[in-house]
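For clarity, every value in this text was computed on a predicted model and none was experimentally measured. All residue numbers in this chain count up from 1 along the given sequence.
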Amino acid sequence: METVKVSKGRNFLRKGEKMKGLFVILQGSVRAVSKNDEIEMEAGSIVGMMDSASDVYLCDYVANTDCLFYAYPYRQTEDYKKIFASDEKYVAVFAMGAMHQTSTMLKRYNMYSGMAQNYYATLMDYYSEYKKLCNDYQIQEKPFQRIESMPPARLNQPIEKWTMEYYGKMSTLSLKSMDEFLGRDYAIGIGVIQNAVCWMVRAMGLIEKLKNYLAVYKELLLSTSAEDLFQMYFELAQRASSTGMDMEPIFNKISEIIEFSKGSHLFADKLMNDRFTQYENYNFLQEAGLGDTDVWVEEEQPEYEEGIDYLGQILAYAQYDGEKAQIFQASLQQYKNLPDRLATTDEIRKLRKQITQDFYDIYELAFYRSLENAKMTPAVKMFLNFGFMDEELAGVEHTRSLYDLTQDLKRCKADNVFTIYEWLLSIYRGENEPSRNEFDMDFTNFLNEQKKTGRITAAQMGEMAKDTKQKVDFEMKNMFVSTNRATYGKISTFCPILCEDDIIGTVENMLITAEKANQALDVIRKIDFSLFFREVGYSDPEHEINMEVIQKEVLPQIILMPNAGSKAMMWQETAGIKKDTSARFIFPIFTVVDVEEMMIEVSGRFRWEMCRKIQGVRWNDITEASLTSEYNDYIQYYRKNHDLSPDAKQKVKNALTKAKNNFREVFVKDYQSWIRYESKGSFRLNKVSRDIIFRYCPFNKEIRNMLRANPMYREMFEKYEILKERKKRHTELWYDRYQKKGGVINEELQANWDFYDM
């Protein structure tokens with residue numbers, strides 16, 4: 001034995017170092033540091049005892065203060081006999097030390113076991129309550145797959161209660177009682193010590209597992225990325241604030257989460273301060289009714305600087321493979337050096353194809369990286385939202401404009417308008433389902449096909465159907481790739497990287513904002529008021545309404561592709577099987593084409609495709625009157641139609657030639673004339689097409705009143721008013737009956753009534 005002094009802060013024994021001795025703390029305190037834990041050891045504790053069953057130290061031992069030790073040489077278990085031989089009372093002294101330290105370690109194990117179990121139960125309770133609150137406030141909940149797949153905090157071989165009670169009792173014995181119990185027998189003493197050491201080591205291993213469990217799953221409650229349960233509650237409060245309902249239940253639950261987080265000792269003070277301050281400073285009264293479910297935070301960013309390696313930042317953020325990155329940069333440089341980037345030679349087509357494939361690979365990596373690291377540089381934001389990758393390709397002035405625009409991306413977002421990045425994010429969050437692919441196959445049908453062909457099993461299909469990452473992959477590889485190329489407009493020379501040649505004028509003038517898109521939509525809705533109304537069933541058996549048909553307006557979702565293009569697409573007429581789900585319109589985010597003109601064109605296609613969906617296989621059966629069946633019959637037999645003059649027949653023939661005999665495209669052109677010119681009394685359509693379009697796409701009341709005096713419209717309008725009044729009368733009768741039975745005219749029913757006044 002010798003006396004050893006160790007100065008404060010010194011790591012005097014290192015993890016993995018060969019055992020060389022046991023150190024009894026006479027003065028001061030020591031910190032034992034393992035992988036996921038730190039244990040404070042006070043005077044009387046024996047440093048190295050827990051490690052004595054091994055031949056190396058299991059922890060780093062650091063002096064918290066200036067320390068004084070009794071040091072005993074020790075390399076193997078037999079060395080205890082030498083220590084005890086110097087003074088037989090050491091048998092009881094070391095055994096007592098072992099009991100105290102084991103009891104302390106088991107108490108720590110019990111504490112972390114309780115913490116992990118309580119954390120799991122609390123998180124499940126918060127998530128369950130979140131679902132209940134969403135239901136109470138009639139707000140669509142956000143699925144949270146990671147929390148649904150979170151396992152309970154179970155250990156394969158937990159330490160039983162009797163072990164903790166045993167060492168708890170043994171640690172209370174006096175030194176005299178311990179001496180009498182052991183009888184100063186070396187063999188018994190060593191056995192007691194090493195048995196206690198085994199429990200210490202086992203407890204330390206289990207504590208590491210429990211702390212690792214908490215470290216992994218704590219981010220489900222609160223994280224730097226804000227992809228967590230606290231954010232879901234925050235967004236629920238934002239959305240609920242516009243309902244006018246009592247917010248107290250939500251605020252109470254958020255307060256519980258805040259208190260639990262602070263008391264859990266799991267989260268850094270800065271993280272809690274940043275996240276909770278944002279919530280506490282949010283003015284729910286002021287923001288009520290805005291309908292924006294995202295919290296847009298304007299981040300400070302440095303002023304634009306010319307010559308920055310934006311491509312390098314994007315590749316680094318996406319963590320793109322180093323060798324592949326070099327090849328991509330070389331290909332891009334070759335593309336920039338081309339004298340004519342719009343050339344269509346085989347060599348240049350091959351180069352564009354390779355760059356395009358690499359672009360989508362990088363985009364996918366950057367998107368998934370953003371889920372882990374939401375802090376993005378302007379370069380990454382420009383890439384994910386605009387398709388920007390290179391300052392030289394985009395041009396310095398345009399890059400400066402794009403750079404500034406990243407500070408105000410919320411201009412391109414509304415409840416029904418998304419940039420492609422926000423759209424993919426909404427699918428990952430479970431807020432929207434993926435779009436159909438080019439073969440008109442949705443994600444569910446795609447999985448069924450994969451199962452039929454043996455590519456996946458039934459079990460894999462079930463897992464993939466719930467996996468939002470699989471859904472995002474499907475959307476990226478299908479809708480994104482197809483529509484990004486199509487909306488660009490020049491398919492043969494398409495390159496997904498934003499290029500200066502495609503930007504005409506200024507970025508600001510070309511940008512399609514949410515306001516521009518919805519204004520264009522509103523212009524059409526004010527003319528063709530029934531455009532987005534669908535017939536849906538309404539029932540309330542409690543008040544004797546089994547099934548009545550009502551009109552419901554469902555606005556389309558508008559997704560902005562990251563390119564400077566000239567085409568818009570009506571990708572699908574509904575989001576799913578149900579008729580009352582949103583259509584999906586795809587636009588380029590930058591365009592020089594009039595947005596209203598693009599919107600009218602896709603609205604015409606929507607009219608046609610929605611009718612086809614409703615009619616099914618009878619879409620062109622003239623015995624079943626509908627827009628598509630009547631228009632199909634009109635175009636197919638226009639030569640025999642006595643209501644058409646020779647001049648009108650020639651115009652139909654020309655229209656068919658231009659449309660390459662596509663009847664839908666003939667209708668779309670007529671629909672554009674209907675909205676642009678006929679609504680103003682400027683005749684562009686023939687008598688037959690005008691009659692069909694008016695019956696299925698009637699003008700609103702204001703336009704009808706304005707055109708009523710014109711004999712070209714009078715007869716059509718009179719027939720329409722008679723039919724409308726019949727439907728209105730029927731609605732009035734069942735509304736009266738419904739109210740007498742105690743039913744209430746809710747918002748949905750009021751919208752249906754207003755429809756017949758339009």
Val536 and Ile550: side chain to side chain contact (heavy atoms under 4.5 Å, CB included), yes or no, with the steps? CA-CA 6 Å; Val536 297; Ile550 65 171; 3.7 Å; yes
With a 6.0 Å cut-off on the ring centroids, do Trp608 and Phe663 count as close? no
Would you say the rings of Phe606 and Phe532 are close, in the sense that their centroids are separated by under 6.0 Å? yes
Return yes when atom CD of Glu438 has more than 12 non-hydrogen atoms of other residues, nucleotides or ligands closer than 6.0 Å, and no otherwise. no
Using the side-chain contact (heavy atoms from CB on, under 4.5 Å) criterion, which residues pair with Ser582? Sequence neighbours excluded. Val554, Gln557
Answer yes or no: are there more than 12 heavy-atom neighbours, outside Lys669 itself, under 6.0 Å from its atom NZ? no
Partners meeting side-chain contact (heavy atoms from CB on, under 4.5 Å) with Ser149 (sequence neighbours left out): none
Against Arg436, only a single residue in Glu573, Glu609, Glu475 fulfils salt bridge (Lys or Arg N to Asp or Glu O under 4.0 Å); can you say which? Glu573
Do Leu531 and Ile524 touch side chain to side chain, with heavy atoms closer than 4.5 Å? yes
Would you be so kind as to tabulate the donor-acceptor pairs closer than 3.5 Å made by side chains of residues 633-644, with sequence neighbours excluded?
unit_1 : atom_1 : unit_2 : atom_2 : d
Tyr634 : OH     : Asn686 : ND2    : 2.9
Gln636 : OE1    : Asn632 : ND2    : 3.3
Asn641 : OD1    : Asp643 : N      : 2.9

With a 4.0 Å cut-off on N to O distance, would you call Glu544 and Lys741 a salt bridge? yes
Other residues, nucleotides, ligands: >12 heavy atoms within 6.0 Å of Glu702 CD: no
I'd like to know if Lys687 and Asp691 make a salt bridge, using a cut-off of under 4.0 Å between side-chain N and carboxylate O. no
Result for side chain to side chain contact (heavy atoms under 4.5 Å, CB included) between Asp670 and one of Val652, Ile693, Ile692 points to Ile693
With a 4.5 Å limit on heavy-atom distance, are the side chains of Glu433 and Asp442 in contact? no
Ring pair (Phe, Tyr, Trp, His ring centres under 6.0 Å) with Tyr363: of Phe480, Tyr368, Phe386, only one passes, and it is Phe480
Nearest heavy-atom neighbours spanning Pro698 and Tyr696: CD-C, 3.4 Å
Count the heavy atoms belonging to other residues, nucleotides or ligands that lie under 6.0 Å from NZ of Lys567, then report whether that count exceeds 12. no
When the aromatic ring centroids of Phe694 and Phe717 are compared, is their separation below 6.0 Å? yes
For the residue pair Phe529 and Phe755, is the inter-centroid distance of their aromatic rings smaller than 6.0 Å? yes
Salt-bridge present (Asp522, Lys526; N to O < 4.0 Å): no
Atom NZ of Lys649 with >12 non-hydrogen neighbours under 6.0 angstrom: yes
For Val595 and Thr591, work out which heavy atoms get closest and say how close. CG2-CG2, 4.4 Å
Please check if atom NZ in Lys490 has more than 12 non-hydrogen atoms from other residues, nucleotides or ligands closer than 6.0 Å. yes
Check whether any side-chain heavy atom of Asp502 sits under 4.5 Å from a side-chain heavy atom of Tyr488, and report yes or no. yes
For Phe418 and Ile558: C-alpha separation, side-chain torsions, deciding distance, then whether side chain to side chain contact (heavy atoms under 4.5 Å, CB included) applies. CA-CA 6 Å; Phe418 306 79; Ile558 298 168; over 6 Å; no
Are the charged groups of Glu364 and Lys477 less than 4.0 angstrom apart, N to O? yes
Steps toward salt bridge (Lys or Arg N to Asp or Glu O under 4.0 Å) verdict (Arg704, Glu721): CA-CA 10 Å; Arg704 294 199 306 272; Glu721 293 297 338; 3.0 Å; yes
Can you tell me how far OG of Ser435 sits from CD of Gln572, rounded to the nearest 0.5 angstrom? 4.5 Å
Contacts of Met712 that satisfy side-chain contact (heavy atoms from CB on, under 4.5 Å) - sequence neighbours left out: Phe683, Arg690, Asn710
Taking NZ, NE, NH1 and NH2 as the nitrogens, is one of them in Arg676 or Glu597 under 4.0 Å from a carboxylate oxygen of the other? yes
For atom NZ of Lys728, is the number of surrounding heavy atoms from other residues, nucleotides or ligands below 6.0 Å larger than 12? yes
Residues passing the side-chain hydrogen bond (donor to acceptor under 3.5 Å, both in side chains) test with Tyr421, sequence neighbours excluded, are Ser370
Classify the side-chain pair Asn484/Tyr360 by whether it contains a donor and acceptor separated by less than 3.5 Å. yes
Apply salt bridge (Lys or Arg N to Asp or Glu O under 4.0 Å) to residues Arg411 and Glu515 and explain how you reach the verdict. CA-CA 7 Å; Arg411 293 170 60 201; Glu515 184 181 14; over 6 Å; no
Determine, step by step, whether Glu148 and Lys131 satisfy the salt bridge (Lys or Arg N to Asp or Glu O under 4.0 Å) criterion, reporting the C-alpha distance in whole Å, the side-chain angles of both residues, the deciding distance to 0.1 Å, and the verdict. CA-CA 12 Å; Glu148 289 177 353; Lys131 290 183 172 183; 3.7 Å; yes
Going by the angle between their ring planes, with limits at 30° and 60°, are Phe474 and Phe446 parallel, tilted or perpendicular? tilted
Taking atom CD as the centre, does Gln739 end up with more than 12 heavy-atom neighbours from other residues, nucleotides or ligands that are less than 6.0 angstrom away? yes
Side chain to side chain contact (heavy atoms under 4.5 Å, CB included) for Lys680 and Ile703? Distances and angles first, verdict last. CA-CA 8 Å; Lys680 297 179 178 64; Ile703 296 174; over 6 Å; no
Check the pair Phe699, Asp528 against side chain to side chain contact (heavy atoms under 4.5 Å, CB included), reporting the backbone distance first and the verdict last. CA-CA 5 Å; Phe699 294 137; Asp528 180 6; over 6 Å; no
Partner set under side-chain contact (heavy atoms from CB on, under 4.5 Å) for Lys578, not counting sequence neighbours: Asp580, Thr581
